[in-house]
Amino acid sequence: MKTEQLITSLKGVGEKSGALFQRLGVETVEDLLHYYPRAYDAYEEPVPIGQVKEGSVQAVSGQLLKTASVRRFKNIQIIVTTVRDLTGTLQLTWYNMPYLRTTLQMGSHLIFRGRVVKKNNRLTMEQPEIFTPEQYQGVMHSMQPIYGQTRGLGNKAIVRAVTQALEQREMEREYLPGYLRQKYELAEYNYAIEHIHFPADGQELLFARKRLVFDEFLFFLTAVRRLKEQRQACRSRFVMEPAPEVHRLLAKLPYALTGAQRKVLTEVERDLSGGLVMNRLIQGDVGSGKTIIAVLALLTAAENGFQGAMMAPTEVLAKQHYESITGLFAAYGIGKKAVLVTGSMTAKEKRTAYEQIASHEADIIVGTHALIQEKVHYHNLALVITDEQHRFGVGQREALGNKGGDGEGGMPHVLVMSATPIPRTLAIILYGDLDISVIDEMPAERLPVKNCVVDKSYRDNAYQFIARQVEEGRQAYVICPMVEESEMIEAENVLDYTKLLRQKLPESICVEYLHGKMKGREKNRIMERFAAGEIQVLVSTTVVEVGVNVPNATVMMIENAERFGLAQLHQLRGRVGRGAHQSYCIMVNCSDQDGTQERLEILNRSNDGFYIASEDLKLRGPGDIFGLRQSGDLEFKLADIFTDANLLKTVSQEVNAMLDKDPELERPEHQALKEKMARYLSRSYERLNL
């Protein structure tokens with residue numbers, strides 16, 4: 001079976017299942033093979049019944065005290081029995097599985113494995129798997145994959161599909177040069193793909209993962225190096241003089257720029273007037289004032305007779321940027337025209353915008369990735385700005401950069417912005433094609449967010465606090481790690497949590513939910529209503545991380561905070577603290593594992609994103625790969641720039657050494673890699689519909 005075949009070519013995956021897989025971003029067999037498990041379930045030795053813990057998945061071995069009985073509750077059949085060993089007894093329950101009565105006979109000695117919960121002040125194991133001692137011996141110490149799921153498509157169905165894809169796939173020719181595999185003891189590619197899904201043990205998992213992470217870094221950094229060489233010392237035909245209108249606007253603003261903002265603005269102005277193409281990254285915490293630097297740069301381009309474009313990762317954020325720019329220009333009498341381009345605009349609205357861009361009636365163009373579609377033709381595009389750079393891969397960086405013109409020297413200046421607090425050593429590698437500026441100073445008028453790390457017992461207090469904030473006219477976010485309930489992972493989910501909050505909070509409070517699997521138009525509608533104050537409490541996944549600017553939101557409550565990386569928690573916290581009112585971040589720690597509280601206390605102590613990222617790097621080692629990925633950015637499906645920082649540095653050195661000796665990858669040992677690299681880049685462009 002060829003890996004480019006559609007997922008529906010697998011036995012048992014019809015149109016309906018295929019549509020569910022598409023919701024997970026899986027369309028082809030190759031997509032499925034690279035749809036990596038989000039965690040693994042390890043089958044450990046049974047524990048004495050007297051030692052089972054609430055909230056954990058465990059196995060127990062014992063004798064049934066009675067034959068299973070069936071109770072009815074509404075339309076549900078509940079199968080109940082009790083297992084006993086020398087240390088105690090444990091109730092077992094299953095739902096709608098009446099056939100188990102013939103299996104669960106009094107006196108049978110069996111092993112049960114499932115989640116232990118407390119009901120009616122009694123520990124109960126729900127929906128446990130059933131094994132004979134011999135059967136359990138066969139799976140003990142094995143690791144079973146747990147995948148991200150969607151309603152209607154459970155873990156077992158995904159496991160079946162992956163198993164079939166692995167069995168029927170065409171083996172891929174090894175493309176990594178032998179000297180790299182030998183030097184770093186890297187697994188063969190086909191072995192790595194199989195064992196990332198079904199490792200026999202932790203050691204095998206780490207071996208497979210190391211190879212696939214190495215590959216992800218290798219492709220990405222090779223593409224970055226290619227961009228760097230295209231742009232290095234590239235002369236610009238868009239040389240800009242300092243614009244008096246920019247400094248008049250600065251003098252009129254009701255606040256003064258911080259020292260860090262002034263320094264970065266000077267660097268940008270120097271690049272724009274220097275004669276070479278600018279390729280600069282501005283790193284700065286949420287709220288540090290990157291956007292005003294971007295607006296001043298766009299105004300500089302417009303005042304010099306050129307066009308400037310600004311691209312945001314979501315439609316709502318693009319619209320907010322557009323409204324901010326037009327409002328600022330209207331308030332201070334600046335006669336430059338901005339237009340908005342997004343995917344959800346009507347055909348007529350798009351046509352009007354395209355005409356204004358092509359004729360240069362529009363000086364500044366704001367939008368989403370729709371700005372790099374073929375239908376957008378610029379008249380004289382001299383400056384391209386991307387907001388939240390880590391949401392755009394090298395394919396987008398290159399495509400947007402090429403929009404300025406095809407002739408020599410036609411490449412526009414590129415300014416990219418990121419609030420992701422990546423330590424400088426890693427940022428230099430990841431953004432190797434860019435010069436780096438850092439805004440490391442917060443505006444004086446901004447109130448620091450007050451933080452607290454609490455356990456599950458504090459939840460009711462938190463709900464009361466949110467209700468009081470809403471009474472005072474404020475709004476709140478509640479973040480859950482999952483969209484919907486999973487059969488394998490114990491964590492709060494958006495859909496059930498929204499129902500809970502609607503019960504817990506007064507009826508007058510509007511509670512809505514948001515997650516990445518919703519259709520784009522629906523997501524935009526919810527975010528716009530929240531921004532307008534029509535929704536008081538928004539329950540969401542991390543999709544809000546870069547989604548919308550709501551200065552009126554003062555509470556960020558993060559459930560299962562232990563399941564997120566510190567850098568991501570800091571990003572989420574940055575959604576509040578944007579207005580004049582005191583803001584709060586409540587992190588709910590649902591884990592009693594060693595070290596979890598210590599990690600979260602770093603956030604409790606500091607609001608400095610760069611300090612937090614550095615501490616995160618120190619705390620986590622190369623074996624820390626379970627649970628949710630910590631840096632869901634750039635183009636990595638498996639790699640994590642914090643956990644895998646050392647490997648990232650190693651691969652960077654190898655990419656530079658390889659391309660210094662063989663820039664076009666023409667040597668025999670690099671031919672297979674060159675072909676694979678071409679596929680990688682073409683897939684990047686396919687994702688952009690270019």
Side-chain angles (χ1 to χ4, degrees), residues 231 234 236-253 255-284 288-312 317-318 320-329 332 334-340 357 360 362-367 371 378-389 392 397 400-401 403-404 411-419 431 433-439 443:
R231 295 171 172 179
C234 182
S236 173
R237 67 181 177 88
F238 305 115
V239 179
M240 303 185 195
E241 298 295 324
E245 192 69 33
V246 169
H247 294 282
R248 276 199 293 275
L249 175 59
L250 270 176
K252 291 177 184 176
L253 289 175
Y255 55 86
L257 296 188
T258 63
Q261 285 175 306
R262 289 197 302 272
K263 178 174 176 288
V264 171
L265 181 60
T266 300
E267 290 169 345
V268 170
E269 289 179 333
R270 188 169 62 234
D271 286 351
L272 293 175
S273 63
L276 297 177
V277 173
M278 172 174 73
N279 293 292
R280 184 169 292 279
L281 166 71
I282 299 179
Q283 263 194 311
S288 61
K290 299 181 296 299
T291 305
I292 188 63
I293 304 298
V295 172
L296 295 171
L298 290 168
L299 182 56
T300 299
E303 288 292 322
N304 276 271
F306 304 124
Q307 287 175 307
M310 184 174 185
M311 187 163 79
L317 201 53
Q320 286 189 324
H321 281 320
Y322 167 74
E323 290 170 351
S324 174
I325 290 169
T326 52
L328 191 70
F329 285 6
Y332 294 103
I334 296 169
K336 296 297 174 184
K337 181 174 178 61
V339 297
L340 179 69
I357 294 165
H360 201 150
D363 303 291
I364 293 167
I365 302 92
V366 183
L371 292 185
Y378 298 89
H379 176 260
N380 207 1
L381 182 63
L383 173 65
V384 169
I385 298 175
T386 65
D387 188 16
E388 295 299 348
Q389 161 62 21
F392 299 104
R397 247 143 83 184
L400 194 54
K403 276 288 184 180
M411 189 177 287
H413 297 289
V414 175
L415 182 65
V416 294
M417 303 190 294
S418 177
Y431 304 116
D433 55 319
L434 307 169
D435 297 317
I436 299 176
S437 295
V438 178
I439 301 179

Colleague: Let me confirm one number: the CG-CG distance from L371 to L340, rounded to the nearest 0.5 Å.
Modeller: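 If I round to the nearest 0.5 Å, the distance is 8.5 Å.
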Colleague: When you look at V277 and S236, which way does the side-chain contact (heavy atoms from CB on, under 4.5 Å) test go after all the steps?
Modeller: CA-CA 5 Å; V277 173; S236 173; 3.8 Å; yes
Colleague: Rounded to the nearest 0.5 Å, what separates atom CD in Q261 from atom CG in L250?
Modeller: 9.5 Å
Colleague: Just checking, is any N or O donor in the side chain of S437 or E267 under 3.5 Å from an acceptor N or O on the other one?
Modeller: yes
Colleague: Side chains of T386 and M417, heavy atoms from C-beta outward: is any pair under 4.5 Å?
Modeller: no
Colleague: Closer than 3.5 angstrom, by distance alone: can the side chain of H413 be matched with the main-chain N or O of M278 as a donor-acceptor pair?
Modeller: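 Answer holds: yes.
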Colleague: Kindly indicate whether the side chain of H379, heavy atoms from C-beta on, has any atom under 4.5 Å from the side chain of I357.
Modeller: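 SC-SC contact between H379 and I357 ruled out.
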Colleague: Do K336 and E303 make a side-chain contact, defined as non-hydrogen atoms from C-beta onward lying under 4.5 Å apart?
Modeller: yes
Colleague: Within the structure provided, determine whether L265 and L296 are in side-chain contact (heavy-atom separation under 4.5 Å).
Modeller: yes
Colleague: Can you find a heavy atom in the side chain of F306 that is under 4.5 Å from one in the side chain of T300?
Modeller: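 F306 vs T300: side chains apart.
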Colleague: Evaluate the side-chain hydrogen bond (donor to acceptor under 3.5 Å, both in side chains) criterion for residues N380 and H360: first the C-alpha distance (whole Å), next the side-chain angles of each, then the deciding distance (0.1 Å), finally the verdict.
Modeller: CA-CA 7 Å; N380 207 1; H360 201 150; 5.2 Å; no
Colleague: CD1 of I436 to CG of N279: how many Å apart, nearest 0.5 Å?
Modeller: 12.0 Å
Colleague: Does K337 come within less than 4.0 Å of D363, counting only side-chain N to carboxylate O?
Modeller: no
Colleague: Examine distances only and state if a side-chain atom of T326 and a backbone atom of Y322 form a donor-acceptor pair shorter than 3.5 Å.
Modeller: yes
Colleague: Any heavy-atom pair between the side chains of L253 and L328 that's under 4.5 Å?
Modeller: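 Answer yes - side chains close enough.
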Colleague: Quick check against the 3.5 Å criterion: does Q307 have a side-chain atom that pairs as donor or acceptor with the backbone of A302?
Modeller: no
Colleague: Quick one: does R280's side chain have a donor or acceptor within less than 3.5 Å of a partner on D435's backbone?
Modeller: no
Colleague: Indicate the atoms forming the closest heavy-atom contact of I325 with A338, along with that distance.
Modeller: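 Closest heavy-atom pair between I325 and A338: CG2-CB, 4.2 Å.
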Colleague: Within the 4.5 Å heavy-atom criterion, are F329 and L299 side-chain neighbours or not?
Modeller: yes
Colleague: Would you say that S273 contacts E241 through its side chain, given a criterion of any heavy-atom pair below 4.5 Å between the two side chains?
Modeller: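 No; the side chains remain at least 4.5 Å from each other.
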Colleague: Rounded to the nearest 0.5 Å, how far does CD1 of I385 lie from CE of M310?
Modeller: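 Result: 6.0 Å between the selected atoms.
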